[in-house]
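The first residue in the sequence is number 1, and the count goes up from there. Computed over heavy atoms, backbone and side chain alike; hydrogens, waters and symmetry mates excluded.
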Amino acid sequence: MAKKMELQVWVEGTVIAAAAMALSFIPVQTANSAFDLSLGMVPLVLYSYRRGFIPGLTAGFVWGLLSIVVGTAMKNFVSVPQIIFEYPFAFAFGGFGGLFAKKIQHAIHTHSNMTVYYIALGGVVAALARWFWHFWAGVFVWGAYAPEGMNPYLYSFVFNGASALANAIYVAVVLGILVKVAPQLFIPKRSHFSSPVKSK
């Protein structure tokens with residue numbers, strides 16, 4: 001039973017990575033192409049809330065690999081280290097929401113008023129963790145494209161900071177609404193929190 005459950009976790013993670021990859025093909029950008037609203041962050045963070053930190057990291061890593069193999073990552077290729085840091089590593093860190101998995105599941109199970117708070121906090125942490133890697137790539141790689149005289153640290157902070165903030169808000173709002181509508185999505189079957197959960 002334990003092996004079957006473990007297999008189910010990793011199969012689910014692969015499906016989530018594929019779903020996140022599919023969502024990345026939807027063009028969401030502003031006039032500034034450096035701004036990135038990553039739609040796949042919602043299923044990734046939701047999965048990390050369901051399954052925990054390590055499965056969340058793994059699903060994010062697979063999503064990053066898929067972005068290299070079948071996505072648009074190679075259009076941004078500068079060097080091997082850059083592409084690895086900005087895709088598998090950065091996307092894996094989007095699974096940092098899993099640090100709050102037990103708190104969120106317990107809060108849902110007990111109908112705690114802290115549920116939305118933990119979900120929002122986890123979304124912010126996941127977004128900042130992922131864009132930590134993009135920030136440093138912006139400094140050391142894309143900083144060369146900064147306007148003349150502009151500090152590369154400031155350049156990366158402005159553009160990547162805007163993306164991190166937008167994605168943190170996006171994930172927090174969408175998952176905050178989803179937990180009100182379908183809280184059972186956050187708790188896997190056969191967990192000790194898996195008794196019937198009703199939305200309030």
Side-chain angles (χ1 to χ4, degrees), residues 6-99 101 122-146 152-153 155-168 170-171 174-175:
E6 186 176 340
L7 178 61
Q8 184 179 344
V9 170
W10 300 119
V11 169
E12 186 179 320
T14 303
V15 171
I16 289 297
M21 184 68 243
L23 286 171
S24 71
F25 288 114
I26 300 175
V28 180
Q29 62 182 41
T30 63
N32 186 336
S33 60
F35 181 83
D36 172 34
L37 186 63
S38 185
L39 300 183
M41 283 291 288
V42 162
L44 176 61
V45 176
L46 173 58
Y47 174 71
S48 73
Y49 289 165
R50 278 175 57 85
R51 296 301 188 179
F53 181 60
I54 298 302
L57 288 184
T58 305
F61 189 82
V62 172
W63 176 19
L65 290 177
L66 288 173
S67 297
I68 294 174
V69 176
V70 299
T72 59
M74 296 310 290
K75 291 182 179 179
N76 299 318
F77 180 85
V78 174
S79 67
V80 171
Q82 170 261 332
I83 212 74
I84 290 174
F85 290 148
E86 285 214 89
Y87 289 91
F89 281 17
F91 284 42
F93 271 54
F96 260 60
L99 292 172
V124 170
V125 169
L128 293 180
R130 174 178 163 180
W131 267 269
F132 166 84
W133 292 97
H134 295 303
F135 170 77
W136 288 109
V139 171
F140 295 112
V141 178
W142 306 112
Y145 299 93
Y153 289 90
Y155 174 77
S156 185
F157 179 79
V158 169
F159 289 108
N160 287 298
S163 291
L165 178 61
N167 279 276
Y170 157 65
V171 171
V174 173
L175 293 182

Taking it one step at a time, do F93 and V125 satisfy side chain to side chain contact (heavy atoms under 4.5 Å, CB included)? CA-CA 9 Å; F93 271 54; V125 169; over 6 Å; no
If you take all heavy atoms of G52 and A101, which pair is closest and at what distance? CA-CB, 3.9 Å
Of all heavy-atom pairs linking F135 and F157, the shortest is CE1-N, 3.7 Å
dist N160:CG -> L165:CG (nearest 0.5 Å) comes out at 12.5 Å
Quick one: ring-ring contact (aromatic ring centres under 6.0 Å, His included) partners of F85, sequence neighbours excluded? F89, W133
How close do S156 and G138 get, counting heavy atoms only, and between which atoms? OG-CA, 3.4 Å
What is the distance from atom CD of E86 to atom CH2 of W131, rounded to the nearest 0.5 Å? 11.0 Å
With rounding to the nearest 0.5 Å, note down the distance linking CZ in F96 to CZ in F53. 4.0 Å
Which distance, rounded to the nearest 0.5 Å, do you find between the CG of N167 and the CG of L128? 10.0 Å
What pairs meet the salt bridge (charged side-chain N to carboxylate O under 4.0 Å, His left out) rule with one or both residues in residues 70-85, with sequence neighbours excluded? none
What are the two closest non-hydrogen atoms of I83 and A73, and how far apart are they? CD1-O, 3.3 Å
If you look at every heavy atom in A126 and G97, which pair is closest and at what distance? CB-N, 3.9 Å
Residues that F77 engages under ring-ring contact (aromatic ring centres under 6.0 Å, His included), provided they are two or more places apart: none
Using side chain to side chain contact (heavy atoms under 4.5 Å, CB included), reason through F91 and L65 one step at a time and then give a plain yes or no. CA-CA 9 Å; F91 284 42; L65 290 177; over 6 Å; no
With sequence neighbours excluded, give me every salt bridge (charged side-chain N to carboxylate O under 4.0 Å, His left out) pair touching residues 122-137. D36-R130
Hey, can you pull the donor-acceptor pairs under 3.5 Å for the side chains in residues 13-24, sequence neighbours left out?
{"residue": "T14", "atom": "OG1", "partner": "W10", "partner atom": "O", "Å": "3.0"}
{"residue": "S24", "atom": "OG", "partner": "M21", "partner atom": "O", "Å": "2.5"}

List in chain and number order the residues that pass side-chain contact (heavy atoms from CB on, under 4.5 Å) with V69, two or more places apart in sequence or in another chain; answer none if no residue qualifies. none
Heavy-atom closest pair (S48 atom, G56 atom, distance to 0.1 Å) is CB-CA, 3.9 Å
Does L175 have any side-chain contact (heavy atoms from CB on, under 4.5 Å) partners at least two apart in sequence or in another chain, and if so, which? V42, V45, L46, Y49, I119, V171, L178, F186
Tell me the side chain to side chain donor-acceptor pair (under 3.5 Å) pairs involving residues 53-70, sequence neighbours left out? none
Listed by chain and number, what are the side-chain contact (heavy atoms from CB on, under 4.5 Å) partners of F132, not counting sequence neighbours? W136
Pairs where residues 8-25 contributes a residue and the test salt bridge (charged side-chain N to carboxylate O under 4.0 Å, His left out) is met, not counting sequence neighbours: E12-R50, E12-R51
